[in-house]
Amino acid sequence: GGNKKGYFYGANTGTFPNCQDKAALDQRICPCQNCPVGKWSLVYTTECQFCAAGTYKVSNEDLGACHICPSNSGTGSSTGSTASTDCVAAAGYTGPNGGTPLPCVAGTYKAATGAAACDICPTGKTTSGTGSMAAVNCGVCSAGHTGSSCAACGAGQYKASTGPAGCDNCPSAKFKGSQGQDAISDCVTCDANSDAPAGSDGGDDCLCKAGYTGTTTLGGSCSLCGTDTYKDETGAAACKNCPTNSGSPVNHVADELSSSCLAFAGYSGSGSAVAPCAVGKYKAESPSQQNCQDCPPHSVTLNANSSTIT
């Protein structure tokens with residue numbers, strides 16, 4: 001009746017008195033008995049012991065030692081447990097009784113044992129890792145929050161990391177109107193051909209770039225300045241006409257300055273510096289940056305601002 005398979009009757013039971021001779025056990029006259037659930041025995045003993053804390057035994061037909069509870073669970077201080085469900089999750093862990101508990105994820109904690117869910121840290125705070133057992137472990141600012149009080153990042157800002165570090169501004173040409181953003185991808189891109197300064201907190205900050213006109217609000221859009229016009233400022237202002245005797249180059253794109261306007265035929269320069277070709281000079285290309293050219297030998301121009309030779 002040894003090998004941790006139960007216990008045998010001894011003299012103290014009033015039955016089989018010769019079973020006290022432990023060295024001469026005979027199953028024919030001294031039958032071993034199985035320990036009850038929640039108990040086990042050492043080899044050649046007459047008494048069953050309660051399963052220790054953290055272990056259990058579900059059947060008296062189970063002839064082995066008590067079973068150990070799954071990792072990160074236990075029976076508390078209770079002994080003699082008779083079911084696997086007596087094994088409950090430890091503090092910092094959660095899961096069904098009798099199962100293998102999982103640690104509370106970052107940003108949560110659990111102070112009590114048992115199957116209850118982990119508690120969520122207060123807004124703006126998280127834990128430094130998993131398996132936290134108390135609210136005091138929620139001492140780290142979560143992403144999107146900063147400072148000693150873990151306040152939310154302001155509109156136009158974001159913070160991707162945990163900890164006390166400051167918030168970053170949304171890049172230029174992007175904006176965000178709400179607080180507590182935790183990724184740069186939360187920043188919204190301005191409409192095409194518009195721009196906004198870094199840290200912008202609304203779509204109204206997106207203004208048409210120089211060379212474009214219109215508005216991005218109320219469903220509007222920014223359009224390229226038309227031929228022979230330019231715009232040297234951001235915003236909704238109209239495009240300006242090129243200076244006299246100048247215009248947009250072929251295949252022009254976003255003329256931002258008056259100097260983008262090139263001199264017509266018979267003139268040289270750009271923008272406000274356009275001047276007529278002098279007598280004896282000419283320029284046929286229009287519009288272009290080319291200078292006026294001297295007339296060939298034995299030819300002349302009759303007037304200034306000539307585009308051909310006579």
Original post:
Do you know which two heavy atoms are closest between N303 and V279, and how far apart they sit?
Top reply: C-CG2, 3.7 Å
**OP:** Without swapping roles, check the side chain of D195 against the backbone of A173 for a donor-acceptor pair under 3.5 Å.
**Re:** yes
Original post:
Between atom SG of C187 and atom CD of Q181, what is the distance when rounded to the nearest 0.5 Å?
Top reply: 7.5 Å
**OP:** Determine yes or no for a side-chain-to-main-chain donor-acceptor pair under 3.5 angstrom, with T213 supplying the side chain and S223 the backbone.
**Re:** no
Subject >> pair D191-C222: side-chain heavy atoms closer than 4.5 Å >> reply: no
**OP:** Mark yes or no for whether D228, through its side chain, and S248, through its backbone, hold a donor-acceptor pair below 3.5 Å.
**Re:** yes
**OP:** Using modelled atom types only, decide if a donor and an acceptor are shared between the side chain of K176 and the backbone of S178 within a distance under 3.5 Å.
**Re:** no
**OP:** Please name the pair of heavy atoms, one in A83 and one in V58, separated by the smallest distance, quoted to 0.1 Å.
**Re:** CA-CG1, 3.8 Å
Original post:
How far does NZ of K110 sit from CG of N137, to the nearest 0.5 angstrom?
Top reply: 14.0 Å
Subject >> Sub-4.5 Å side-chain heavy-atom contact between C104 and S132 >> reply: no
Subject >> Point-to-point distance, once rounded to the nearest 0.5 Å, from NE2 of H67 to NZ of K57 >> reply: 7.5 Å
Subject >> Side-chain heavy atoms of T301 within contact of C295, under 4.5 Å >> reply: yes
**OP:** Report the C-alpha separation of Y267 and S246 in whole Å, then their side-chain angles, then the decisive distance to 0.1 Å, and conclude whether the side chain to side chain contact (heavy atoms under 4.5 Å, CB included) test is met.
**Re:** CA-CA 8 Å; Y267 294 83; S246 69; over 6 Å; no
Subject >> side chain to side chain contact (heavy atoms under 4.5 Å, CB included) between S259 and S270, worked out >> reply: CA-CA 5 Å; S259 57; S270 63; 4.1 Å; yes
Original post:
Could you state the interatomic distance from CG (L224) to CG (N193), rounded to the nearest 0.5 Å?
Top reply: 8.0 Å
**OP:** Any chance you could measure L262, atom CG, to C242, atom SG, to the nearest 0.5 Å?
**Re:** 8.0 Å
Original post:
With a 4.5 Å heavy-atom cut-off, do T75 and C69 have their side chains touching?
Top reply: yes
**OP:** For residues G124 and C150, report the shortest heavy-atom separation together with the two atoms involved.
**Re:** O-CB, 3.3 Å
**OP:** Please confirm whether the backbone N or O of A106 pairs with a side-chain atom of T130, one donor and one acceptor, at under 3.5 Å?
**Re:** no
Original post:
So which heavy atom on P70 is nearest to which on T100, and how close?
Top reply: CB-OG1, 3.9 Å
Original post:
With a 4.5 Å limit on heavy-atom distance, are the side chains of C261 and P287 in contact?
Top reply: no
Subject >> Test side chain to side chain contact (heavy atoms under 4.5 Å, CB included) applied to C277 and N305, step by step >> reply: CA-CA 4 Å; C277 293; N305 65 274; 5.5 Å; no
**OP:** Just do the side chain to side chain contact (heavy atoms under 4.5 Å, CB included) check on V105 and C118 with the steps written out, would you?
**Re:** CA-CA 8 Å; V105 299; C118 302; over 6 Å; no
Original post:
Are side-chain heavy atoms of C170 and F175 found at a separation under 4.5 Å?
Top reply: no
**OP:** Any chance you could measure H145, atom NE2, to C153, atom SG, to the nearest 0.5 Å?
**Re:** 7.5 Å
Subject >> Which residues share a side-chain contact (heavy atoms from CB on, under 4.5 Å) with T113, sequence neighbours left out >> reply: V88
Subject >> Backbone of A155 reached by a side-chain donor or acceptor of Q157 within 3.5 Å >> reply: no
Original post:
Which heavy atom in C138 sits nearest to a heavy atom in T127, and how many Å separate them?
Top reply: SG-CG2, 4.0 Å
Subject >> Test item: S194 and L207 side chains (from C-beta on) under 4.5 Å apart, heavy atoms >> reply: no
Original post:
Hey, does the side chain of T94 reach the backbone of A116 with a donor-acceptor pair shorter than 3.5 angstrom?
Top reply: yes
Original post:
Which atom pair, heavy atoms only, marks the closest approach of A210 to A254?
Top reply: O-CB, 4.4 Å
Original post:
Under the 3.5 angstrom rule, does the side chain of T162 hit a backbone N or O of S142 as a donor-acceptor pair?
Top reply: no
**OP:** Determine whether more than 12 heavy atoms belonging to other residues, nucleotides or ligands lie under 6.0 Å from atom CG of L257.
**Re:** yes
Original post:
Are any of the side-chain heavy atoms of S73 and Y93 separated by less than 4.5 Å?
Top reply: no
Original post:
For A165, does its backbone N or O pair with a side-chain atom of T146 as donor and acceptor, under 3.5 Å?
Top reply: yes
**OP:** Look at atom CD of Q293 and say whether more than 12 heavy atoms of other residues, nucleotides or ligands are closer to it than 6.0 Å.
**Re:** yes
Original post:
With no hydrogens and no angle check, is any side-chain donor or acceptor of T126 less than 3.5 Å from a backbone partner on G107?
Top reply: yes
Subject >> Residue pairs passing the salt bridge (Lys or Arg N to Asp or Glu O under 4.0 Å) test where at least one lies in residues 259-287, sequence neighbours excluded >> reply: K281-D294
